[in-house]
Amino acid sequence: MTIDAKNAHYKTVNDQLRQAEEDCTIVGCCGQRFIGTGMSHKNITIEGVPGNALGAYLNGASITVKANAQDAVGDTMNEGKIVIYGNAGDAAGYAMRGGKIYVRGNAGYRAGIHMKAYQDKVPVMVIGGVAGSFLGEYQAGGIIIVLGLAAGGKQIVGNFPCTGMHGGKLFLRGRCEGIRFPSQVTAKDATEEELCEIKPYLSEYCALFGYAEPEVMHGPFVVVTPDSKNPYKQMYVAN
Amino acid sequence: MKMEGEVRIPSGCAIAAVISKAGNRMSGRMITEAMKPMHDRSNGLGGGFAGYGIYPNYQDFYALHFFFDERATRKSCEAFLKERFEIVQSEIIPTRKIPAITDEPIIWRYFVTPFPSILASMQLDEKEFVARTVMKINTEMKGAYVFSSGKNMGTFKAVGFPEDVGVFYRLEEYEGYSWTAHGRYPTNTPGWWGGAHPFTLLDYSVVHNGEISSYDANRRFIEMFGYQCTLQTDTEVITYIMDYLLRVQGLTLGEAASVIAAPFWSTIEGKQDIQDKQKHIYLRTLFSSLLVTGPFSIVLGFRGGLMALNDRLKLRSMVVGEKGDTVFIASEEAAIRTMEPDAENIWAPAGGEPVIIRVKDGAY
């Protein structure tokens, strides 16, 4: 079913989405917020630019955006998949706790802020281009991968990556020379085992966006992890 | 009504701007439309626009836009103006009655030029004299408020949603080479006509999305130089800071950006270009009280150009796009797509990275 979003309020668009029994394509999208919020089923394809908090609390549905997305993509999403053919705005994957986000291009500031994981819930975000400052800020779990493809001379990540990181893993494709990480994390070359762990996600990225897998898998990859289970011990209070 | 500063309303905002580098004139319709997809960023307590190049027939005169509470105030203010300026035109600013905008004050404009004899006797240049007069009226004349005071530019603002404010002021009847817009969602302060954005002084106008943590520190510093912050609205202080740094101190736009959105000391420390590093150390040291902290994305309008800037942590969204010689700036890409569906090179400037766009010489 096709939903025409031209000049429609987000509530109207979301009501139509919820009522639809089958997969939906939204055309003429221009800034409508909260699309697909909390949805469990259905494939949603969006033509045009969706508004902020796309797929917030997503619970199993699959969203494909043919253009750029704005801020807070997949805010607190729990399960499902969001695929963006363009760039993502700031705070993509904000407090994400499950599911997958694939961004073909770049992500703005604070991608993966406060991503978390619990038992079998391990969120994954793959950013094909470069990421802005404060990547993985307060990351508590899950996997963030930045590939630096078509970077055009830009550094793979801005300033202050992994600030406050205390869980999960962050992979950067490249040598990461000149990138300053906080003292509470360790950045080192990814092991074969770690690369095996992310291979399925890289394969999916390549399949989605038409990249050659050997080219993307060709490293080196740096993996960043927090130093211990409680790297900020006594930084604020004695605990 | 409780005035600014007496009540706190927790809240976002929307900003948008467009400029033709070739100096082509655009009606105010496009910028008004741009605010529609960002409707939910405002709450109806303020909307406004600034247009540059809109008064070509009066381009050598200061366009003073006023809010007056009543006719008597206008009459006494006019008497005050007549002692200081030659008034070449005095008229009501045309508006359209619409249900969405109510309780409007008397909205008037004067096209003026200061008497040379007064400038000579006070030993002031024209701009300083006009700035001081604006400050005097806004602080001393109860019920009168100058909300625009530049040449060949004008601000139009009201309580309401921005898309309605554009219709109210008949912006489609004006043509400018650049426009800025704001939709307000007041944080801290109630919405009233004077408190809507843009905030202007002379040719400078500022639209702002954010909330300045350093407001009081900035205000105390800038008030030492004759500026009076009467509205307790944080954006006002940014306007005066820009006027002080650019007009009074003679800094470049890039330098002014490095003062208000200064990089962290650790970032300055890591700079490889020694001259650039020393300049940043100098600016941070000399103007430490003008560092603006807290979230902001702003568009500064000035004669012949625009500058967009985010706070150094980029706590507010802002994207830039272009098509041909036209450049678009907005809080959301949706607003840019509304102005130009085929806009290209959409990108998000980094925190503290100024985007400066100028109209080519001679075209404004």
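Values reported hereafter were calculated over all heavy atoms of this structure, with side chains retained and with hydrogens, waters and symmetry mates removed. Just so it is clear: chains get the letters A, B, ... in the order the sequence lines come, proteins before strands, and each one is counted from 1. Fair warning: this is a prediction, and the values are worked out from it, not measured in the lab.
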What do the steps show when you test B:Leu313 against A:Phe134 for side-chain contact (heavy atoms from CB on, under 4.5 Å), and what is the final call?
-> CA-CA 9 Å; B:Leu313 295 174; A:Phe134 301 101; 3.4 Å; yes
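With a threshold of 4.5 angstrom between heavy atoms, B:Ala350 approaches chain A through its backbone and through its side chain.
The environment of A:Phe209 atom CZ is dense: over 12 non-hydrogen atoms of other residues, nucleotides or ligands sit within 6.0 angstrom. Sparse packing is recorded around CZ of A:Arg97, with 12 or fewer heavy atoms of other residues, nucleotides or ligands lying under 6.0 Å away.
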Quick check - list every chain A-chain B donor-acceptor pair under 3.5 angstrom, one line each.
residue	atom	partner	partner atom	Å
A:His9	NE2	B:Asp40	OD2	3.3
A:Asn68	ND2	B:Glu333	OE1	3.0
A:Asn68	ND2	B:Glu333	OE2	3.3
A:Gln70	OE1	B:Glu333	N	3.1
A:Gln70	OE1	B:Ala334	N	2.9
A:Gln70	NE2	B:Glu332	OE1	2.8
A:Asp71	OD2	B:Ser317	OG	3.2
A:Asp90	OD1	B:Lys314	NZ	3.4
A:Asp90	OD2	B:Lys314	NZ	2.6
A:Tyr109	OH	B:Gly351	N	2.8
A:Arg110	NH1	B:Leu313	O	3.0
A:Arg110	NH1	B:Lys314	O	3.0
A:Arg110	NH2	B:Leu313	O	2.7

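For B:Ala334 against A:Cys30, the heavy-atom pair with the smallest separation is O-SG, 3.2 Å.
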